[in-house]
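In what follows, residues are counted from 1 in the order of the sequence shown. Source: prediction; values computed, not measured.
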Amino acid sequence: MSNLQGKRFVVTGSASGIGDALARQLSDAGASVVSLDRNSPTAPVTQHISVDLADPASIDNAIEQIEGNVDGVLNVAGVPGTLPADIVLAVNFLGLRHLTESLLDRITAGGAVVIVSSTAGFNWPQRVETLKELIATDTFAAGAEWFAQNPQEGNAYNFSKEATTFYTMTMAVAVLEKGLRINAVLPGPVETPILVDFEESMGKDNLDGVKALLGRHASPDDIASAIVFLASEESAWINGHPLVVDGGITAAVMSGLVPVPQ
C-alpha cells in the first residue's frame, strides 16, 4: 500500500461505493480525507461537507469550507443514466470540472487530480470535435446551456464519461505547468448500490454477460486501489492517462474477442 502519511485529500462521493472504499484506503495509508457528498460518510474522515454537484453555488459553498491546501482532489461522485440527462452531465462532468478547477491553485506541488470516468465512455474518439466544444465552455452555466442546445444521441451517462475521459487528457499539460498531474480511472461494472441503475440503463443482459465472462464484477476496493496509486508519488510520471480498471473486458472488446456492447 502507498505511504500517504500526512497527506490530505478531497474525496467526492465518499458516503458509498468506491468513494467509501477510497476514504478507508486513504485513511489506512496515513492520509486525512475531506469528504464531499450529499450524504454523511461512515468511513473515517477528518471533515465532511455536504454538497450538491449539480449546483455550482453549492460547490462554491463547499469550497469555502475547505481550509488551506490539499494534496489531491479525487473525484468519485457520479450518477447513473437513469436520471435526467441534464443532471447526469451536471454531476458527472460540469460539477466535477467546476470543483476541480476551483481547487487547482490549492493543490500542493506534486499533487494530483484523479477522476473516476468509465469504460462506458469508450466512444470518445468518435466525438472529439463535439467534446472540444463542450470543454471550451468557460463555466458551469455555459456548459449546461451548450448541452441544452446540443442534445447528444445515446445514453447521457456514456456521453458524460466521454467528456471526463477527454477532459482528463486535455488538462494534462495545463496542470503540469502547476506542478500537478491529472489522471482518470475507467472502471467497468462495479458492485455498488447504483449497479441496479446501470443494469436498467445499459441492459442487465449486457452487464450479466460481462460478469459471466470475467467471473465477477469489480469490488469498490478494486477501483479505490487504482485511485490511491494515481494519487500517490508512486505514479509521479503518469499524467493525462485514462487507466482502464475493468478486469480485461475492454481488452477483449478491442481485440475482437467479444462484440462491442450496444
Taking all non-hydrogen atoms of both residues, which atom of [X] and which atom of [Y] are closest, and how far apart?
| X | Y | answer |
| --- | --- | --- |
| F93 | S160 | CB-O, 4.3 Å |
| S40 | H48 | CA-NE2, 3.8 Å |
| D52 | S58 | N-OG, 2.8 Å |
| A54 | F140 | O-CZ, 3.4 Å |
| L4 | S232 | CD2-CB, 3.9 Å |
| F147 | A85 | CE2-O, 3.6 Å |

Answer yes or no: is there an ion pair linking K7 with E233, defined by an N-O contact shorter than 4.0 Å?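 Yes, charged N to carboxylate O under 4.0 Å.
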Are the charged groups of R216 and D222 less than 4.0 angstrom apart, N to O?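 Answer for the salt bridge query: yes.
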Assess the side chains of [X] and [Y]: does a donor N or O sit below 3.5 Å from an acceptor N or O?
| X | Y | value |
| --- | --- | --- |
| T100 | N75 | yes |
| T164 | R97 | no |
| T250 | D246 | yes |

Donor-acceptor check, side chain of [X] to backbone of [Y], threshold 3.5 angstrom: yes or no?
| X | Y | value |
| --- | --- | --- |
| R106 | G68 | yes |
| S235 | F229 | yes |
| N239 | I182 | yes |
| R38 | S50 | no |
| N183 | H241 | yes |
| T139 | A142 | yes |
| D37 | A15 | yes |
| N92 | Y157 | no |
| Q47 | Q65 | yes |
| Q152 | N150 | yes |

Apply side-chain hydrogen bond (donor to acceptor under 3.5 Å, both in side chains) to D71 and list each qualifying residue two or more places apart in sequence or on a separate chain.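 side-chain hydrogen bond (donor to acceptor under 3.5 Å, both in side chains) list for D71, sorted by chain: T108.
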Just one of V76, V116, I223 clears the side chain to side chain contact (heavy atoms under 4.5 Å, CB included) bar with L22, so which one?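 Among V76, V116, I223, the one that satisfies the side chain to side chain contact (heavy atoms under 4.5 Å, CB included) with L22 is V76.
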Among L26, V10, V185, which residue meets the side chain to side chain contact (heavy atoms under 4.5 Å, CB included) test with L74?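 Exactly one candidate clears the test, L26.
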Derivation and outcome, salt bridge (Lys or Arg N to Asp or Glu O under 4.0 Å), residues R24 and D221: CA-CA 9 Å; R24 295 177 190 278; D221 276 313; over 6 Å; no
Could you check whether atom CD of Q126 has more than 12 heavy atoms from other residues, nucleotides or ligands sitting under 6.0 Å from it?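 Atom CD in Q126 is crowded, with more than 12 foreign heavy atoms closer than 6.0 Å.
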Angle class for the F159/W146 ring planes (parallel below 30°, perpendicular above 60°, tilted otherwise)?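 Answer is parallel, since the angle falls under 30°.
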Could you tell me the separation between the [atom1] atom of [X] and the [atom2] atom of [Y], rounded to the nearest 0.5 Å?
| X | Y | atom1 | atom2 | value |
| --- | --- | --- | --- | --- |
| L96 | T168 | CG | OG1 | 8.0 Å |
| S32 | R8 | OG | CZ | 6.0 Å |
| Y167 | I135 | OH | CD1 | 8.0 Å |

